[in-house]
Q: 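My questions all concern the structure below.
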Amino acid sequence: MAEAMLVRPDRKFVEEIIAAGGGDLKKCMQCANCSVVCELSDGHPFPRKEMIWAQWGLKDRLVSDPDVWMCHQCNDCSKRCPRGARPGDMLAAVRRLTVDHYAVPRFMTRVANRASWLPVAFLLPIVLLGVALLVRDPIGRALGFGTDPAFYASFFPHWLIIGLYGFFSALAFIAAVIGVVRFWRAMRRSDAAAGIYAAVNGIPASIVGAVKDIVTHYRFGFCGAQKPRRLAHLAVFYGFAALFVVTSWAVVDLYVMPLMGVASRYPFDFLYPAKILANVGGAVLVFGAVKVMVDRKRAQGPGAVGGTSFDWIFVWMLLGVAVTGFAVEIFRFTVGPEPAAGLRTAAYATYFVHLVLVFQLLIYLPYSKFAHVLYRTVAMVYAEHTGRHRPVRRLQPQGSQLRLPGVTPATR
Ligand code: SF4
Ligand code: SF4
């Protein structure tokens, strides 16, 4: 006789999933259509089991479930669900709540993601950077920093940017590490309790496997209903990566090269390799962010991915960083060494907005959709480590002819 199991539903968590975008989860009747459709399930009850866990409010199971992070929200399952329960959206809601659950301090997720808190989210960096500007000169003198003649640095000095951004990035990094370590431990604890934990691959090999997957966005190749999302996501990923490389390059050029006796080339000329990379990266990021928005707006019907404020705020933020970055550059190359006062003010105001957006992106990293990069990576490493998603590698991308004999995508 089967062992009795006591289920303690967390009704508050069910309400939270519904509020986070999983509003149709109660329609699920456990028919398993979604598990048959999902290219990642490979015979396992995914995402059907997550649907019943969500209906029962089994929070501990869901926030420690790596499978939730294997899903890339293609919404093929939502398209084929006969009840309109939208399992793809339910999983997206759980991912958001997982970030909330492990965030330190938790209230920051509210500030970073809720449309109603947006003014506060903006106000924080504006006040902080504004105060930094007010105390710029006395602190600069006290620390022995001279005035930098470079156009933007004479307004917001490099030492101030490095100090402020370095300090707050370090705080965000520590918060992010605490969050993902707690997540890793929860996944391991959950599998150990279920008696299925097994270390199949070492951590270094697992990291290599996960990184290969990320750089190619391998899983996106299986999308049916939302196939164009792969290109948009790849563009956002590589555009942002290019800008990150250029920022690091600039810091090294400004502060490390002079220590080695090499003169700094900053601010970079238009045709300097780092500047070319920055412009290409910025253009790719703009393309990716706009494509994400257009795809979301255009998509209609059961397989559509509309997104919540959690998704939209992040993509607007990325676009804002790229567009203001270009505006700052245009000012720099066109105003000349002695610009009119009005032009100078416009350039500095644009630069200030750019700094606020970059600051926001960094300090809200562990709390916003940006945190997905970290949680998904950790879940993928865990999946490689435990041999969890090996079967997916045997599948063929959407459009391939190598499918189950006699079964077409239309009849699956
Ligand atoms: S989510 Fe839809 S397709 Fe999946 S088990 Fe529930 S009713 Fe069936
Ligand atoms: S959204 Fe796509 S990847 Fe995610 S569970 Fe549904 S079918 Fe699978």
Side-chain angles (χ1 to χ4, degrees), residues 14 17-18 20-58 61-62 65-98 210 213-214 216-230 232-233 292 295-296 299-308 310-311 369 372 375-376 379-380 383 388-400 403-404 407 409-412:
V14 178
I17 298 176
I18 290 170
D24 294 310
L25 76 94
K26 289 189 177 172
K27 295 178 184 168
C28 173
M29 60 178 182
Q30 288 291 297
C31 71
N33 235 24
C34 51
S35 300
V36 177
V37 168
C38 178
E39 296 279 11
L40 307 181
S41 67
D42 195 41
H44 295 287
F46 173 79
R48 180 174 66 84
K49 72 178 189 307
E50 280 74 12
M51 289 304 283
I52 193 90
W53 289 351
Q55 287 181 330
W56 288 349
L58 299 185
R61 292 261 181 123
L62 285 167
D65 180 9
D67 293 347
V68 167
W69 294 88
M70 298 305 116
C71 161
H72 46 268
Q73 212 182 354
C74 67
N75 262 348
D76 290 351
C77 53
S78 300
K79 195 174 171 188
R80 306 287 176 88
C81 172
R83 297 277 296 157
R86 302 192 61 84
D89 290 355
M90 192 286 292
L91 291 172
V94 170
R95 286 192 288 276
R96 173 182 172 173
L97 294 172
T98 302
D213 208 323
I214 291 166
T216 55
H217 276 42
Y218 178 76
R219 279 182 176 70
F220 276 82
F222 299 106
C223 279
Q226 295 296 325
K227 202 170 181 60
R229 291 177 72 235
R230 186 187 197 186
H233 277 248
V292 167
D295 289 346
R296 276 203 189 130
Q300 284 177 347
V305 180
T308 60
F310 183 68
D311 307 294
K369 176 116 193 211
H372 274 214
Y375 282 83
R376 197 182 288 277
M380 288 167 84
R388 202 172 181 109
H389 70 263
R390 290 230 149 170
V392 83
R393 299 194 184 286
R394 295 202 298 266
L395 295 169
Q396 296 297 314
Q398 194 81 16
S400 161
R403 294 192 165 277
L404 294 174
V407 181
T411 57
R412 271 181 302 131

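All values below were derived from every heavy atom in this structure, side-chain atoms included, with hydrogens, water molecules and symmetry-related copies excluded. In listed order, ligands and their atoms are each counted from 1.
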Q: How are the rings of Tyr375 and Trp69 set relative to one another: parallel (under 30°), tilted (30 to 60°) or perpendicular (over 60°)?
A: parallel

Q: Would you say the side-chain atoms of Asp76 pair up with the backbone N or O of Val37, donor to acceptor, closer than 3.5 Å?
A: no

Q: With sequence neighbours left out, what residues match His233 under side-chain contact (heavy atoms from CB on, under 4.5 Å)?
A: His217, Phe220, Arg229

Q: For the side chain of Glu50 and the backbone of Leu62, is there at least one donor-acceptor N/O pair under 3.5 Å apart?
A: no

Q: Taking 2.8 Å as the limit, list every protein N, O or S atom around atom 2 (Fe) of ligand 2, by chain and residue number.
A: Cys74 SG

Q: May I ask you to list the atoms of ligand 2 that are less than 4.0 angstrom from any heavy atom of Leu91?
A: 5 (S)

Q: May I ask you to list the protein N, O or S atoms found at less than 2.8 Å from atom 6 (Fe) of ligand 1?
A: Cys28 SG

Q: Using salt bridge (charged side-chain N to carboxylate O under 4.0 Å, His left out) as the criterion, list what pairs up with Asp67, not counting sequence neighbours.
A: Lys49, Arg388

Q: For Leu25, does its backbone N or O pair with a side-chain atom of Arg83 as donor and acceptor, under 3.5 Å?
A: no

Q: Which residue in the set Leu91, Asp89, Val94 passes side-chain contact (heavy atoms from CB on, under 4.5 Å) when paired with Ile17?
A: Val94

Q: Taking all heavy atoms of Pro47 and all of Ser35, pick out the closest pair and write down the distance.
A: N-OG, 3.7 Å

Q: At their closest point, which heavy atom of Cys28 faces which heavy atom of Gln55, and how far apart are they?
A: O-NE2, 3.1 Å

Q: Does ligand 1 have any atom sitting under 4.0 Å from a heavy atom of Pro82?
A: yes

Q: Give the minimum heavy-atom separation between Ala54 and Val14, together with the two atoms involved.
A: O-CG2, 3.4 Å

